[in-house]
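Lettering follows sequence order; numbering is per chain, from 1.
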Protein chains: 2
Amino acid sequence: MPSHKKSSILDAATRLFASKGFTQTSIQDIARLAGSAEGTIFYHYKSKEELLVAVLDNLRADLAQCFQGHLAPGASSPGFPAVEDAIAFYFHLASIKEYYFLLLQNHHLHELARENPACREQLEAIYTIILGFFESAILKGQQDGSLHTPNPGKTALLLFTMVDGLVRLRAYNLYEPGALFADLIEACGKILNRRNPEIRKPKAAP
Amino acid sequence: MPSHKKSSILDAATRLFASKGFTQTSIQDIARLAGSAEGTIFYHYKSKEELLVAVLDNLRADLAQCFQGHLAPGASSPGFPAVEDAIAFYFHLASIKEYYFLLLQNHHLHELARENPACREQLEAIYTIILGFFESAILKGQQDGSLHTPNPGKTALLLFTMVDGLVRLRAYNLYEPGALFADLIEACGKILNRRNPEIRKPKAAP
DNA sequence: TTGACATCTGACTGAGCACTCACTATAGGA
DNA sequence: TCCTATAGTGAGTGCTCAGTCAGATGTCAA
């Protein structure tokens with residue numbers, strides 16, 4: 001079984017890397033938040049960089065579980081458009097687990113992925129999961145006839161950049177939270193060539 | 001007149017802050033690239049942070065000039081849709097001055113803006129300029145009747161997040177450069193309610 | 001030539017950093 | 001009880017960093 005300290009170190013590192021950035025976070029910061037000694041961190045993880053990879057691994061597993069739970073049969077509202085539902089869910093997720101998405105937008109992370117294979121693999125797996133989630137929502141919409149979208153893969157990427165962009169705008173307080181949500185959903189509907197022009201309001205705007 | 005060393009320091013700092021990030025860039029790095037001594041940097045700028053603000057100031061002025069040059073009468077192709085033209089130009093700019101846009105996406109920058117008023121002012125001015133550029137293109141499109149877009153301000157923000165997102169994808173090599181450009185232009189057209197369905201190819205895809 | 005000023009230099013400093021290591025604590029099997 | 005392995009500790013180490021400072025150099029007017 002995993003030790004209590006180890007998981008609290010992982011948790012502290014996740015939040016600090018997301019909020020302050022990898023470089024700005026010191027081992028001392030992590031130890032303080034986790035309630036452990038600095039040495040304990042290096043007992044469980046060889047280096048600060050390996051700790052980051054462990055954080056990514058944990059993030060990926062949790063994200064996969066969240067998406068899987070949402071895609072499970074019966075989990076999504078029946079009759080509710082799959083894509084709007086997916087986007088609303090993604091926004092909901094980005095709201096309750098904002099630190100995950102802030103972490104993924106860290107510049108240093110992508111620098112590191114260039115030279116650290118373990119880091120690159122984790123990052124690629126995470127993007128595959130997220131894009132796969134959008135893509136499967138588009139495919140579902142095509143099957144029930146509500147969408148006509150020629151290239152689901154590329155369109156999923158476009159949706160991702162939009163939603164991710166809004167997450168960033170919210171994090172930096174560049175606009176009032178929630179004010180753009182309805183516009184975003186509407187814009188996505190247009191991109192996806194919705195057959196049914198009236199857009200139903202999603203249940204929860206963040 | 002401004003000294004030669006001072007401007008080469010500013011230039012070196014701009015490129016290094018963009019490519020490595022603010023925290024990862026040391027004064028030694030900047031001095032080496034600028035061909036000056038470390039002391040010279042602190043002769044011209046009180047601190048590393050003040051140097052960053054100077055970089056932003058320079059970026060803002062240059063960006064404003066670029067946009068102004070493009071919006072000048074006669075500069076845009078007559079008859080060419082204003083919004084597609086604007087997006088293509090923004091992409092072109094993001095291609096030849098990629099480091100500007102990478103710098104703006106730096107997480108630490110937005111952290112700093114929260115506590116440093118000078119930094120915050122510069123950042124706000126820069127976003128005002130960029131969003132104003134998109135908004136004026138939308139308004140132009142509405143005047144010539146090619147667009148029907150209810151809320152230019154919000155739509156400009158959505159366009160910005162999309163284009164900025166693609167810049168980031170390209171920088172991190174998450175997709176082949178240029179492969180999504182046509183799709184992006186098409187998606188923007190849909191968001192903007194283009195009256196004329198056929199989209200003309202822009203002159204230069206990056 | 002002299003003095004005053006702006007520009008520029010690089011050795012230096014103290015603080016903070018990631019990481020090490022000798023050590024203690026605890027728990028279970030023999 | 002002793003032995004061993006796992007978990008955890010925090011002072012110490014060597015290095016890098018932003019920022020300082022005393023002085024060198026260049027320039028130009030008096």
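Using a 30° and 60° split on the angle between ring planes, A:Tyr172 and B:His110 fall in the parallel class, below 30°.
Judged by distance alone, the side chain of A:Thr23 and the main-chain N or O of B:Thr23 form no donor-acceptor pair under 3.5 Å. Distance alone, capped at 3.5 Å, is enough to place a donor-acceptor pair between the B:Asp29 side chain and the B:Ser26 backbone.
Contacts between residues 40-57 of chain A and DNA chain C, defined by a heavy-atom separation below 4.0 Å, involve A:Phe42, A:Ser47, A:Lys48, listed by number. Residues from residues 27-39 of chain A lying near DNA chain C, meaning a heavy-atom separation below 4.0 Å, are A:Ile27, A:Gln28, A:Glu38 in numerical order.
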TODO: Give the intermediate values and the outcome of side chain to side chain contact (heavy atoms under 4.5 Å, CB included) for residues B:Glu49 and B:Cys119.
DONE: CA-CA 9 Å; B:Glu49 204 168 303; B:Cys119 183; over 6 Å; no
Open item on the list: The test is side chain to side chain contact (heavy atoms under 4.5 Å, CB included); show your working for B:Tyr100 and B:Leu93 and say whether it passes.
Closed with: CA-CA 9 Å; B:Tyr100 278 180; B:Leu93 209 62; over 6 Å; no
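Rounded to whole Å, the distance from NZ on B:Lys6 to C1' on C:dT7 is 12 Å. Taking atom CZ on A:Phe22 and atom C1' on C:dA18, their separation rounds to 10 Å, with Å as the unit.
Cation-pi geometry between A:Lys6 and A:Tyr43 is not met: the NZ or CZ atom fails to fall both under 6.0 Å from the ring centre and inside 45° of the normal.
In terms of heavy-atom proximity, A:Phe134 sits nearest to A:Phe160 at CE1-CA, 4.0 Å.
Residue B:Ser3 has no polar side-chain atom (N or O) positioned under 4.0 Å from OP1 or OP2 of C:dA6. Between B:Lys5 and C:dT9 there is a side-chain polar atom (N or O) within less than 4.0 angstrom of OP1 or OP2.
End-to-end axis angle for the helix from C:dT1-D:dA30 to C:dA30-D:dT1, using five pairs per end and rounding to 10°, comes out at 20°.
The pair A:Arg15-A:Asp11 counts as a salt bridge, with a side-chain nitrogen and a carboxylate oxygen less than 4.0 angstrom apart.
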